[in-house]
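Please read these numbers as outputs of a predicted model, since none were measured by experiment.
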Amino acid sequence: MSAKHLPFWNLKYVIMAKFRRRTCIILSLFILFIFSLMMGLKMLRPNKATFGDPFGLELLPELHQQTHLGKNLDSQNNDKINSETNIKNLKSVEITLKPSKASEPYLEELRPLNYYLHVFYYSWYGNPQFDGKYIHWNHPILKHWDPRITKNYPQGKHNPPDDIGSSFYPELGIYSSRDPSVIETHMKQMYSASIGVLALSWYPPGTNDENGENTDDLVPTILDKAHKYNLKVTFHIEPYSNRDDQNMYKNVKYIIDKYGNHPAFYRYQTKTGNSLPMFYIYDSYITKPEKWANLLTTTGSQSIRNSPYDGLFIALLVESKHRYDILQGGFDGIYTYFATNGFTYGSSYENWAGLKFFCDQFNLLFIPSVGPGYIDTSIRPWNAQNTRNRISGKYYETALGAALHAHPSVISITSFNEWHEGTQIEKAVPKRTSNTVYLDYRPHKPSLYLELTRKWSEKYSKERAAYAFDHELPLS
C-alpha cells in the first residue's frame with residue numbers, strides 16, 4: 001500500500017470505532033429503558049389479579065379431602081390439595097402463624113353495605129377466660145347411625161386449645177362469643193366484606209343446642225356492635241325442643257317486643273310497602289305443615305298475620321317435595337342453607353333456576369345459600385364424601401355466580417363462623433401442633449373470603465338493581 005493512502009485508512013478506522021462505540025451506548029440505553037419499563041409495570045399490577053375468573057359450573061370438581069394420616073386412600077381420592085390439607089399424627093413443634101396487619105381491609109376505603117346479602121352467624125363459642133370452660137371448641141366426635149361404621153373412627157371429645165372441633169383454626173384463636181372485642185372484630189370483618197345483615201343463630205331463653213348454652217343474653221351486645229358498623233341483625237331460629245305453632249308465636253313476640261325497636265333490628269320492605277322482620281326457620285320441615293299453617297295463615301288458630309308480630313318467615317327447603325309443604329304452611333319464602341353442592345335438592349345449583357320460577361309463581365322470596373366449601377370430618381369423620389374443597393376460592397365464586405344467575409330476592413352465606421362444618425368466611429390462619437396440621441387459606445391471605453365476598457356483593461348489588469323494580473329496601 002502506498003504512503004499517500006495511509007491517512008484515509010486511519011480516518012476510516014477512527015470513524016468505524018466511533019460508530020461501534022455509539023452503537024453500544026445506544027443499545028445499552030435501550031436495554032436499560034426496557035428493564036425500567038418492565039419493573040414499572042410490575043409495580044403497577046393490581047393486587048386482585050391473583051384471584052382470576054371463577055370456574056364455570058360445568059368445570060366444578062367434586063373433590064373429597066382425606067384429612068388423616070394412616071388411613072387407606074382410594075386411588076380416586078389421591079388429589080393433592082396443597083395447603084388445604086389436614087394431617088393427623090405429625091411429630092413436630094407447635095407453630096401458629098399470624099398474618100401481617102396488611103391483611104386488614106381499611107374501612108374508609110369500602111363502599112356501602114349490601115342489605116340483600118345475609119350471613120349466618122353463630123355466638124355459641126366459649127373459653128375458660130370468659131365462660132369458665134370451653135364451649136363448642138371441644139365438640140364431641142359424632143357417632144354414625146350404623147354402629148359398624150362408628151367403631152372404625154375415633155370416639156370422645158376434642159381437647160382445646162390445640163385440638164378443636166374444626167379442620168381450620170381461627171385467626172382470633174379459641175375465642176369466646178362473649179368477648180366484646182371478638183364481637184366487634186366480627187362486625188368489622190362483615191363490614192369489610194360489604195355484608196349488610198347477619199342472621200343470628202337463636203334459641204329461646206332457657207334452651208340451647210346440645211353442645212352449648214343459651215346465648216340470648218348476648219343479643220343486646222351483638223345489636224349494639226352491629227349498629228356501630230351499620231349492620232342489621234335478623235334471627236335464625238333453631239329447632240329448639242318441642243318447637244310448635246304456639247311457642248313459636250310466643251318466641252316471635254318475645255324477639256320483637258325485646259329487640260324490635262333497636263336500630264340494628266332488620267326489616268325487609270316488601271312489594272306492597274310493608275316493612276317486616278325476617279325470620280329464618282332452620283329445619284322447618286320437622287314440624288308438620290298443618291302446625292305452621294296455624295301460625296302463618298290468616299285463618300290459623302294461632303295466626304300471627306296482620307298482627308304487630310307479623311313477619312317474613314323463611315323455610316328451609318331440603319327435598320323437592322318440601323315446596324308444597326312450605327306453601328301449605330303459609331311461609332313467605334325459602335332458603336337452602338347447606339354449602340354442599342349436590343348434597344340436597346335445595347343446595348344443588350342446578351335446581352336454583354327452577355326453585356326461583358316456583359317462588360315467582362307463588363309470590364315467595366327465593367334465598368339461595370352459598371358457601372366457600374364444606375368439611376365436617378373433625379366432628380363427623382365418616383362423612384368425607386360430602387367434603388367440598390375450597391379450591392382457593394373457586395368453589396365459593398362458582399356458588400355466588402350460580403346464585404346471581406337465578407336473580408334471587410336475597411343471597412345468604414353459609415357461614416360467617418360455623419367452624420365445625422368448615423363453612424366459615426371468617427379469617428383462618430395456618431397452625432400446626434404435634435398431632436394436627438389445620439387447613440388454611442394459603443397461598444392467599446386470611447382475609448381471602450372476606451375480599452371475595454366484597455367483590456361479589458358489589459356485583460350482586462349492581463345486577464339486582466337491574467332486575468328488581470320493586471324497590472325493596474331495609475329500614476335504616
Side-chain angles (χ1 to χ4, degrees), residues 57 116-118 120 199 234-239 243-245 248 252 268 270-272 274 276-305 310-371 374 386 399-415 423 460 464 467-468 470 472:
L57 289 179
Y116 301 109
L117 186 63
H118 301 182
F120 295 112
T234 191
F235 288 78
H236 191 194
I237 299 179
E238 299 283 0
R243 186 177 65 185
D244 62 18
D245 50 330
M248 270 292 295
V252 169
Y268 183 98
T270 67
K271 296 177 183 179
T272 59
N274 294 323
L276 297 173
M278 180 179 285
F279 300 96
Y280 290 93
I281 314 298
Y282 189 71
D283 278 357
S284 52
Y285 58 88
I286 293 176
T287 303
K288 292 189 177 300
E290 294 82 6
K291 287 284 188 181
W292 287 120
N294 289 338
L295 178 73
L296 301 178
T297 62
T298 55
T299 58
S301 59
Q302 301 287 329
S303 180
I304 207 166
R305 297 306 188 186
D310 201 355
L312 297 172
F313 295 85
I314 313 300
L316 174 61
L317 185 138
V318 177
E319 300 179 45
S320 177
K321 65 181 182 180
H322 290 160
R323 292 175 295 170
Y324 302 100
D325 292 341
I326 287 167
L327 280 178
Q328 183 184 350
F331 284 93
D332 302 284
I334 65 173
Y335 76 116
T336 61
Y337 187 76
F338 298 104
T340 308
N341 181 30
F343 175 57
T344 70
Y345 179 87
S347 70
S348 299
Y349 310 156
E350 65 182 9
N351 297 324
W352 286 356
L355 286 173
K356 175 61 164 59
F357 179 75
F358 174 84
C359 288
D360 287 347
Q361 280 185 306
F362 295 99
N363 198 30
L364 300 175
L365 298 175
F366 176 55
I367 307 179
S369 302
V370 302
Y374 187 92
N386 283 315
L400 285 159
L404 262 65
H405 186 70
H407 290 180
S409 308
V410 168
I411 293 176
S412 55
I413 299 170
T414 306
S415 65
T423 62
Y460 175 43
R464 193 184 189 283
Y467 66 74
D470 43 32
E472 300 157 345

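Side-chain N/O atoms of Thr340 and Ser347 include no donor and acceptor closer than 3.5 Å. Tyr285 and Asp283 are linked by a side-chain donor-acceptor pair at a separation below 3.5 angstrom, with hydrogens and angles left out of the test. At a cut-off of 3.5 Å, with distance as the only test, no side-chain donor of His118 or Tyr335 sits close to an acceptor on the other residue.
The line from OG of Ser409 to CG of Asp332 is 11.0 Å long, rounded to the nearest 0.5 Å. The distance from the OH atom of Tyr460 to the CD1 atom of Ile411 is 4.5 Å, given to the nearest 0.5 Å. Here Leu117 contributes atom CG and Arg464 contributes atom CZ; the two are 11.5 Å apart, rounded to the nearest 0.5 Å. How far CZ of Phe343 is from CG of Asn386: 5.0 Å, rounded to the nearest 0.5 Å. Separation of atoms CG (Leu296) and CG (Leu312) is listed at 11.0 Å; rounding is to 0.5 Å. From Thr336, atom OG1 reaches atom CG of Leu317 across 8.0 Å, with rounding to the nearest 0.5 Å.
Nearest heavy atoms, Pro368 versus Val410: CD-O, 3.4 Å. Heavy atoms only, all atoms of each residue included: Ala399 and Trp352 are closest at O-CZ3, 3.8 Å. Between Gln302 and Asp245, the shortest heavy-atom contact is CG-OD2, 3.6 Å.
The 12-atom threshold is exceeded at CZ of Phe362, counting heavy atoms of other residues, nucleotides or ligands nearer than 6.0 Å. Within a 6.0 Å radius of NE2 in His405, other residues, nucleotides and ligands contribute 12 heavy atoms or fewer.
In this structure Ser301 satisfies the side-chain hydrogen bond (donor to acceptor under 3.5 Å, both in side chains) test with no other residue, sequence neighbours excluded. For Thr298, the side chain to side chain contact (heavy atoms under 4.5 Å, CB included) partners are Arg305, Asn306, not counting sequence neighbours.
No close placement of the Phe331 and Phe313 rings is indicated, their centers lying 6.0 Å or farther apart. A distance of 6.0 Å or more separates the ring centres of Phe120 and Tyr282. For Tyr324 and Phe358, the gap between ring centers is short of 6.0 Å.
You'll find the side chain of Ser412 stays beyond 4.5 Å of the side chain of Val370, heavy atoms only. Using a 4.5 Å heavy-atom threshold, the side chains of Thr297 and Gln328 count as separate. Contact annotation: the side chain of Leu365 approaches that of Ile314 to within less than 4.5 Å [non-hydrogen atoms, C-beta and beyond]. Put simply, the side chain of Tyr268 does not reach to within 4.5 Å of the side chain of Thr234, judged on heavy atoms. In this structure, His322 and Asp325 have side chains that are in contact, with non-hydrogen atoms separated by less than 4.5 Å. The closest side-chain heavy-atom distance from Met248 to Val252 is below 4.5 Å.
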Start with the C-alpha distance between Tyr374 and Phe338, add both sets of side-chain angles, then the distance that settles side-chain contact (heavy atoms from CB on, under 4.5 Å), and finish with yes or no. CA-CA 9 Å; Tyr374 187 92; Phe338 298 104; 5.7 Å; no
Take Asp244 and Leu295, measure what side-chain contact (heavy atoms from CB on, under 4.5 Å) needs, and give me the verdict at the end. CA-CA 9 Å; Asp244 62 18; Leu295 178 73; over 6 Å; no
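Between the Thr414 side chain and the Gly371 main chain, no donor and acceptor come within less than 3.5 Å of each other. The backbone N or O of Ala315 lies less than 3.5 Å from no partner atom in the side chain of Trp292, so there is not a single donor-acceptor pair. Judged purely by atom type and a 3.5 angstrom limit, Tyr467 uses its side chain to pair as donor or acceptor with the backbone of Pro408.
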